[in-house]
Amino acid sequence: MTEEKLSPEEEQKQLEVTMGLIINGGNAKSFAFEAIREAKKGHIDVAHEKLKAADKALVEAHNAQTDMLTKEAQGDHAKVTLLMVHSQDHIMNAITFRDLAGEMVDLYEKLYKSGTLKEED
């Protein structure tokens with residue numbers, strides 16, 4: 001099987017999309033981690049804002065990923081590279097981490113509301 005060569009412009013576009021996935025996935029995971037840290041201190045409102053920021057980054061990543069999948073379904077196949085696979089790993093990890101962070105923020109919120117934990121300064 002021969003590998004189809006991409007034009008420099010196509011390679012650049014694919015690289016930009018792939019890096020965007022990595023950046024947005026990393027940002028989402030970072031915001032989710034910050035949410036857990038804030039919730040742990042009792043700053044529940046801040047934690048929810050961090051989760052919203054994580055969600056926004058994930059939407060950006062999801063939109064780029066959906067565009068890639070749509071092109072693939074239309075026959076415009078992307079060149080699969082290790083970097084592209086890496087970008088998909090970032091997205092999957094970010095989604096999982098965001099989901100877990102949401103559960104932890106909810107748990108901390110319940111613990112603070114019940115008086116089991118006291119807010120830190």
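- Going from atom CD of Glu109 over to atom CG of Asp45 covers 8.0 Å, rounded to the nearest 0.5 Å.
- Atom CG of residue Leu58 and atom CZ of residue Arg98 lie 8.0 Å apart, to the nearest 0.5 angstrom.
- A single hydrophobic cluster is not seen to contain both Val46 and Phe31; linkage of ILVMFWY side chains at heavy-atom distances under 4.5 Å, directly or through other members, places them apart.
- In plain terms, the two heavy atoms of Leu51 and Gly102 that are nearest each other are CD1-CA, 3.9 Å.
- Between Lys13 and Glu9, no side-chain nitrogen of the basic residue sits less than 4.0 Å from a carboxylate oxygen of the acidic one, so the salt-bridge criterion is not met.
- Of all the heavy atoms in Ala28 and Ala94, the pair that sits closest is CB-CB, 4.1 Å.
- Of the possible donor and acceptor atoms, none in the side chain of Asp76 sits under 3.5 Å from a partner among the backbone N and O of Glu72.
- From Leu117, atom CG reaches atom CG of Leu111 across 5.0 Å, with rounding to the nearest 0.5 Å.
- A continuous path of hydrophobic side-chain contacts links Met68 to Ile95 [ILVMFWY only; heavy atoms under 4.5 Å].
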- Query: Going through the checks in order, is the side-chain contact (heavy atoms from CB on, under 4.5 Å) test met by Met104 and Lys40?
  - Reply: CA-CA 9 Å; Met104 291 185 74; Lys40 186 176 180 179; over 6 Å; no
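- Counted within 6.0 Å of NE2 on His62, heavy atoms from surrounding residues, nucleotides or ligands total 12 or fewer; the atom is thus considered open.
- When all heavy atoms are compared, the tightest approach of Ala32 to Ala54 is N-CB, 4.0 Å.
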- Take Thr81 and Glu11 through the test side-chain contact (heavy atoms from CB on, under 4.5 Å) and record every step on the way to the result. CA-CA 11 Å; Thr81 64; Glu11 280 190 22; over 6 Å; no
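- Between Leu21 and Ile91, the shortest heavy-atom distance links the atoms O-CD1, 3.3 Å.
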- Message: Please evaluate residues Glu10 and Gln14 with respect to the criterion side chain to side chain donor-acceptor pair (under 3.5 Å), reporting the C-alpha separation (whole Å), side-chain torsions for both, the decisive distance (0.1 Å), and the verdict.
- Response: CA-CA 6 Å; Glu10 291 170 322; Gln14 186 170 323; over 6 Å; no
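- The minimum heavy-atom distance linking Tyr112 with Lys41 is given by the pair OH-C, 3.4 Å.
- The distance from atom OG of Ser30 to atom NZ of Lys50, rounded to the nearest 0.5 Å, is 10.0 Å.
- A cation-pi contact, defined as under 6.0 Å to the ring centre and within 45° of the axis, links Lys29 to Phe97.
- Looking at Asp67, its side chain never comes within 3.5 Å of a backbone N or O of Asn63 through a donor-acceptor pair.
- With rounding to the nearest 0.5 Å, the separation of CD in Glu16 from CD1 in Ile23 is 10.5 Å.
- Here the straight-line distance linking atom CG of Asp89 with atom CE of Met92 works out to 9.0 Å at 0.5 Å rounding.
- Note on Val17 and Met19: separate hydrophobic clusters, where clusters join Ile, Leu, Val, Met, Phe, Trp and Tyr whose side-chain heavy atoms are under 4.5 Å apart, directly or indirectly.
- Leu83 and Thr18 make their closest contact through O-CG2, 3.4 Å (heavy atoms, listed as atom of the first residue, atom of the second, distance).
- Taking a cutoff of 4.0 Å between a charged side-chain nitrogen and a carboxylate oxygen, Lys52 and Glu49 qualify as a salt bridge.
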